[in-house]
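Notes to accompany the following structure.
Naming: A, B, ... by sequence-line order, numbering from 1 per chain.
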Amino acid sequence: MDTKTEFEELIRRTRSGSKHAYGELYENTVKDVYQTVHFLLDDKSDVDDVVQEIYIEVLRNLHRFNTDKPFRPWLKGIAIKQISAYRRRRWISFRNYQKISKQPSEVEDDFSPQVVDDLVNKQLVQLVEQLPFKLRQVIILRYLNEHSQEEVASILKIPVGTVKSRVHTALKKLRKQEELGNIFLRKVENV
Amino acid sequence: MAHVNELKTALNEEARNVCPPPELKNKVMSQFTQKRNRGMKRYVAAFLVALFIIPTSAFAYQSLLADGLYGSFANVKKHVASATLEGYMTFDAKLSEAKGEMGKEEYEKFREALNVLTDAKLKYGDPFGNINYDLMPKEEKEKIRVNSFVLQPYFDKLNGDVPSKELLSSYEYKLFIDALMTYETILAKAEIDTSKGPVEIEKLPVEYQEQFKLTQNFIHSVYQLQEEQQQ
């Protein structure tokens, strides 16, 4: 589904002041943006605010967008910029710190196969969320948003080679963490 | 790679429960309205500046600094019907300010560039001080264009704005100058009295509306950029 031309029209109308077109632009893109922000912020209670800021930035910068290029990666670039700005503002907030230290206790309850599956998923997501931000970015963009390596490179404004090596490092880290985690899980199952 | 697939599944499963709350849209949309209103205010201000500086460069002066460029207010009045003494004085004040702020040499450079513009305004300007650059001989037009590249940074400075030349790439800066000229050309073609406040697009002949809107949006976006940089 290439919605490029559809975006083009919405962008054109938004630029000339149509609130309705902007609303549609929002509707068509927000889910993706929202999920990205969700996975990249430690404090989920700030997701709404950051998403709101992203759309303000979109509005502010829309005149610079080159309609020959795909819209989603451009939008994602703005999202990443805002997320980074947010992180700079709050990088050492006490709340975040508290949340991280609470996380392991979420894994509890009984262990039917479905639950174990869910648990593995949850655990994996949790591991992703514990990755250093730079690695987490590429994982989310690449495997949640399914952007190509080239797109990720242009969104993050880094060379494709760097994207590749970050993905590689991230996967390696995840594997390692997961092995440790699996041991933990199996132990619990055996109890 | 099994592992990557697992990862994708895990992320997508988790993402299924992550949805933007409906009320977020209202918040975002209210920003749209605010933003546009703010933009319009800035635009009105910018427009006044355009009146005082650009066309006013058509209005102005002598014993008064302004008269050095135009001969006298009476002379301006002869050419530019909409010129007001107030506009003339404001322009003079702006020039005094410029003289105070710039070094002598810089001020001379500024005046020289301004002279080119004011001469053109008197020669080619319509009764409201706007020039239809399309009617100008090509060479003259190019002269004004090049001259504007020099002048605009001074205008930005006098308006207390971040210099557009620094904010934009050289290509964008050229576009900006062209847009300012196109803007004026449309106003001249449409015979709009620019002393009456902001131009309402609906009042322009239909054939100019689309181009005017595009030009206006572009100029507006540069002003917006300047505003952001200032914050």
- Which residues in residues 144-153 of chain A have a heavy atom less than 4.5 Å from any heavy atom of chain B? A/L144, A/E146
- What heavy-atom pair brings A/S16 and B/K213 nearest, and what distance separates the two atoms? CB-CE, 3.9 Å
- Does atom CD of B/E139 have more than 12 heavy-atom neighbours from other groups under 6.0 Å away? no
- Item | Min side-chain heavy-atom separation A/V51-B/P20 under 4.5 Å | no
- Item | Inter-residue atom distance B/K8.NZ - A/L124.CG, 0.5 Å rounding | 13.5 Å
- Item | Donor-acceptor under 3.5 Å (A/Q35 side chain, B/A15 main chain) | yes
- About how many Å separate NZ of B/K25 and OH of A/Y55, when rounded to the nearest 0.5 Å? 10.5 Å
- Message: If I measure from the heavy atoms of chain A, does B/E13 come under 4.5 Å with its side chain, its backbone, both, or neither?
- Response: side chain
- Message: Restricting to non-hydrogen atoms, name the atom on B/P21 and the atom on A/D48 that form the minimum distance, rounded to 0.1 Å.
- Response: CG-OD2, 3.2 Å
- Message: Under the criterion side chain to side chain contact (heavy atoms under 4.5 Å, CB included), I'd like the reasoning laid out for B/L7 against A/L171: C-alpha separation, chi angles, the key distance, then a yes or no.
- Response: CA-CA 9 Å; B/L7 187 58; A/L171 289 178; 3.8 Å; yes
- Message: Looking at B/E106, I want to see if its CD is surrounded by more than 12 non-hydrogen atoms of other residues, nucleotides or ligands under 6.0 Å.
- Response: yes
- Check step by step if side chain to side chain contact (heavy atoms under 4.5 Å, CB included) holds for B/L11 and A/I139. CA-CA 10 Å; B/L11 288 173; A/I139 291 295; 4.2 Å; yes
- Item | Euclidean distance, B/E6 CD relative to A/R175 CZ, rounded to 0.5 Å | 9.5 Å
- Task: Taking all heavy atoms of A/K31 and all of B/C19, pick out the closest pair and write down the distance.
- Result: CE-SG, 4.5 Å
- Could you pull out the closest heavy-atom pair between B/M29 and A/K19, with the gap in Å? CE-O, 3.2 Å
- Evaluation steps, side chain to side chain contact (heavy atoms under 4.5 Å, CB included), between B/N12 and A/Y143: CA-CA 9 Å; B/N12 280 310; A/Y143 297 126; over 6 Å; no
